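One structure is given below, encoded as structure tokens.
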Amino acid sequence: MVVTRFAPSPTGYLHVGGARTALFNWLLARKTGGKFILRIEDTDLKRNTPSATQQVLADLHWLGIDWDEGPEVGGPNGPYFQSQRKEIYDYYVQKLIAEKKAYYCFDTAEEIERLRKEAQTNKQTFLYPRPQRFPEPEEARRAAAEGRPVTVRLAVTETEPIVVKDLLRGEVVFNPAEIGDFVILKSDGLPTYHLAVVVDDELMGVTHVIRGQEHLMNTPSHMLLQKALGFRTPQYLHLSVTVSESGGKLSKRERPETLRKAILQSDADLDALAWAGGLSRQELDLFLSGEKIPDMPAIDAMATYLGIHLPEINVVDFLKSGYLPETMVNFLALLGWSPADGQEIMDRQTLIASFDLNRLNKSNSFFDRKKLLAFNTEHIKRVPADMLVKHFRVFLETVGSPAAAADDAMLGHLLRINEGARTLAQIEEKCRFAFVADEAIEYDPEAVKKVLRKEGAIDILKTIAQRLQMLETFTAESLEAMLRHLAEEKQAGLGKIAQPLRVAITGTTISPPIFDAVNLLGLERTIKRIERAVQLFGQA
RNA sequence: GGCCCCAUCGUCUAGGCAGGUCUAGGACACCGGGUUUUCAACCCGGCAACAGGGGUUCGAAUCCCCUUGGGGCUACCA
């Protein structure tokens, strides 16, 4: 049976690159009827936080990537948090030491750094100088007592070339002489990634490791470790990386960086900005000098304050921008893979049915947000109505929209009258006017100038208000008939009637179709808003 | 610097492994037009690529080599 896994390090929200890796592992497991394991690689105490783990899980849930073993669901190979598997790793480390395949080291960071610099000036690859005689456990205990850092390194004695059989790239040959004795147990007693990953993959029965290309260079080290421990070697497949417009690998840093540049270029009041982000002025300055990156809510708040749009990087950023999980899964799958039939828009089931490792491609791909938008437009059209309502609600709640208070029937209605929308955010923006108090409507100066200040606009509004009051029954039909009739009467296009009305009730030139917009507000509130607009913009 | 990976329209890609059917197909973007009560959506049309050089071969986008370009890694991070 095929067993795959996704093993994120919880350093924050799940970003799209990680999501793509998770997706390919998940697709392979689902396609083959295998098993997909989620394992949390939280051995870096400095960077990992429990809340980050929750964020990653929530993001996976949102994407609809479910796991057969892991946090929340458990399984026979747990625990699924590496921080809870310390004894397991210790056992293997001791075994390697006893077999003289690994040894203790007591170097300080400074000493290592000095050796590394030295190698660099000599233009050589840094290789840790293995001692003639491996220290005894007793010596390690003494060193630790003296306060020296104690680590364990694998003794790399292999002389034959190491061949990584990559499912995508074929055989990649590495020279073992270039692999130094690497650390497998850190001085804090926790394993390094290399040891943990090898032990866990073996113990959890992982058969296929699909991971980013950045791990290709680690693979020979992992194979060495597997050999030393008498483990099996899983099938490896190293995915191409996804690059962003700035050239390099898509990175979480991109959002704070974009914001930082924007702040530096703007003439914003920094004290007010810091306040908006919930930061002290000092913290903001540290951010601007590039020394410290604030957390995500602060970044988001400052971007909102400045009115700038940051590139979406984390999965949750896409949720907040109004993308559907169906869109994300579909789009991510097509970054480096394509189905034999050339279909592009696919639902989850189709994706699974068409998935085939042989159709993965090797070159790096660029994350094209415009294409993503087109995909989203398409998926909004295709996702079943009740599912779309669910997504819409999650979106509204996540961004804290006043429309979140509406019931499902209303949300369904909003979605229907906004056919053709590109994102849920767009729909929310267009309909928000109906969920705020009449007096809270803010008139966009541009819209007022372009529409309400135009000759005759106010008169038309007055006429509309009158006719609305005269309406016997207020229905979508009677409203449409009235407005169309009015347009004919004035010998004008419907636009001449609809635009002033639109601006009067929404404050902007953008809204759902005018009949739907008025209908959404209701008779009374429409009249009230028209009257307010007339009052505000009636006199020159 | 060293090691490794990659290379088809602006972008994602099909074709490549099993050379001829490729005057290189699709999608997105872009441009032009249509439709229209705003924004979208929608319809029609158009632009646009085998990085360069050498081989192999009757024949190369496809196989080989070099160059160039891009990317990754080079931690007691994963």
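Given the structure is predicted, the values throughout are model-derived calculations rather than measurements. Throughout, protein chains are lettered first and strands after them, A, B, ... in sequence-line order, and every chain is numbered starting at 1.
- Nearest heavy-atom pair, A:L520 versus A:I417, reported as atom, atom and distance to 0.1 Å: CD2-CD1, 4.2 Å.
- Here A:A457 pairs with A:P500 under the side chain to side chain contact (heavy atoms under 4.5 Å, CB included) rule; sequence neighbours left out.
- Not a single salt bridge (charged side-chain N to carboxylate O under 4.0 Å, His left out) links A:K496 to another residue, sequence neighbours left out.
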Enumerate the protein-to-nucleotides 5-8 of chain B contacts in which both atoms are nitrogen or oxygen and the separation is below 3.5 Å.
| unit_1 | atom_1 | unit_2 | atom_2 | d |
| --- | --- | --- | --- | --- |
| B:C5 | O2' | A:R169 | NH1 | 2.5 |
| B:C5 | O2' | A:Q213 | NE2 | 3.4 |

- Message: Please determine whether ring-ring contact (aromatic ring centres under 6.0 Å, His included) holds for the pair A:H215 and A:H238, giving the CA-CA distance in whole Å, both sets of side-chain angles, and the decisive distance to 0.1 Å.
- Response: CA-CA 7 Å; A:H215 288 298; A:H238 293 89; 7.3 Å; no

- Task: Show the numbers, then the answer: is there a side-chain contact (heavy atoms from CB on, under 4.5 Å) between A:F24 and A:L239?
- Result: CA-CA 9 Å; A:F24 284 127; A:L239 255 15; 3.6 Å; yes

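- Using C1' as the reference atom, B:U21 and B:A61 are 15 Å apart when rounded to the nearest Å.
- B:G72 and B:G34 have their P atoms separated by 46 Å, with the value rounded to a whole Å.
- Residues meeting the side chain to side chain donor-acceptor pair (under 3.5 Å) test with A:D347, sequence neighbours left out: A:T350.
- Applying the salt bridge (charged side-chain N to carboxylate O under 4.0 Å, His left out) rule to pairs touching residues 161-189 of chain A yields A:R130-A:D181, sequence neighbours excluded.
- Under the Watson-Crick and G-U wobble criteria, each requiring two contacts below 3.5 Å, nucleotide B:C3 is paired to B:G72.
- A straight line from NZ of A:K454 to C1' of B:U38 spans 14 Å, rounded to a whole angstrom.
- Centroid-to-centroid, the aromatic rings of A:Y323 and A:F331 stay 6.0 Å apart or farther.
- Atom CD of A:E442 is surrounded by 12 or fewer heavy atoms from other residues, nucleotides or ligands within 6.0 Å.
- Shown here are the salt bridge (charged side-chain N to carboxylate O under 4.0 Å, His left out) partners of A:R416, two or more places apart in sequence or in another chain: there are none.
- B:A40 makes up no base pair with any nucleotide shown, lacking Watson-Crick or G-U wobble contacts both under 3.5 Å.
- Within a heavy-atom distance below 4.0 Å of RNA chain B, no residue of residues 455-463 of chain A is found.
- A:D356 places its CG atom 14 Å from the C1' atom of B:C17, with the value rounded to the nearest Å.
- Of the P atoms belonging to B:A7 and B:A14, the separation is 10 Å, rounded to the nearest Å.
- Between A:F355 and A:W337, the ring center distance clears the sub-6.0 Å criterion.
- At least one side-chain nitrogen or oxygen of A:R359 sits closer than 4.0 Å to the OP1 or OP2 atom of B:G15.
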- Task: Do nucleotides 45-51 of chain B as a string where each nucleotide becomes B, S or -: B if the base has a protein heavy atom under 4.0 Å, S if just the sugar-phosphate does, - if no protein is that close.
- Result: -------

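- Taking a pair to require two hydrogen-bonding distances under 3.5 Å in either a Watson-Crick or a G-U wobble arrangement, B:U57 remains unpaired.
- Partner assigned to B:G10 is B:C28, using Watson-Crick or G-U wobble distances below 3.5 angstrom.
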Using a cut-off of under 3.5 Å, enumerate the N/O to N/O pairs linking the protein to nucleotides 25-32 of chain B.
| unit_1 | atom_1 | unit_2 | atom_2 | d |
| --- | --- | --- | --- | --- |
| B:G26 | N2 | A:E344 | OE2 | 3.2 |
| B:A27 | O4' | A:E344 | OE1 | 3.4 |
| B:A27 | O2' | A:E344 | OE1 | 2.4 |
| B:A27 | N3 | A:K371 | NZ | 2.9 |
| B:C28 | O2' | A:K371 | N | 3.4 |

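- Of the residues in residues 101-110 of chain A, those lying under 4.0 Å from RNA chain B by heavy-atom distance are A:D107.
- Between A:S338 and B:A14 there is a side-chain N or O to OP1 or OP2 distance below 4.0 Å.
- A:R153 forms no cation-pi arrangement with A:F182, by the criterion of a distance under 6.0 Å to the ring centre and an angle within 45° of the ring axis.
- Below the 3.5 angstrom threshold, one finds a donor paired with an acceptor across the side chain of A:N218 and the base of B:A78.
- Residues meeting the side chain to side chain donor-acceptor pair (under 3.5 Å) test with A:R20, sequence neighbours left out: A:T242.
- With sequence neighbours excluded, the residues that form a side chain to side chain donor-acceptor pair (under 3.5 Å) with A:R369 are A:E245, A:E312.
- One interatomic measurement links the two molecules: CD of A:E214 to C1' of B:C3, which rounds to 16 Å at whole-angstrom precision.
- Between the C1' atoms of B:C9 and B:C30, the separation comes to 12 Å (whole Å).
- Among the nucleotides B:C76, B:G72, B:U11, the one closest to any side-chain atom of A:S187 is B:C76.
- Relative to the ring axis of A:F126, A:R116 places its NZ or CZ within 45° and under 6.0 Å from the centre.
- For B:A40 and B:G20, the P atoms lie 45 Å apart once the distance is rounded to whole Å.
- Comparing A:E419 and A:I112, the nucleotide of RNA chain B nearest to each residue sits closer to the 5' end for A:E419.
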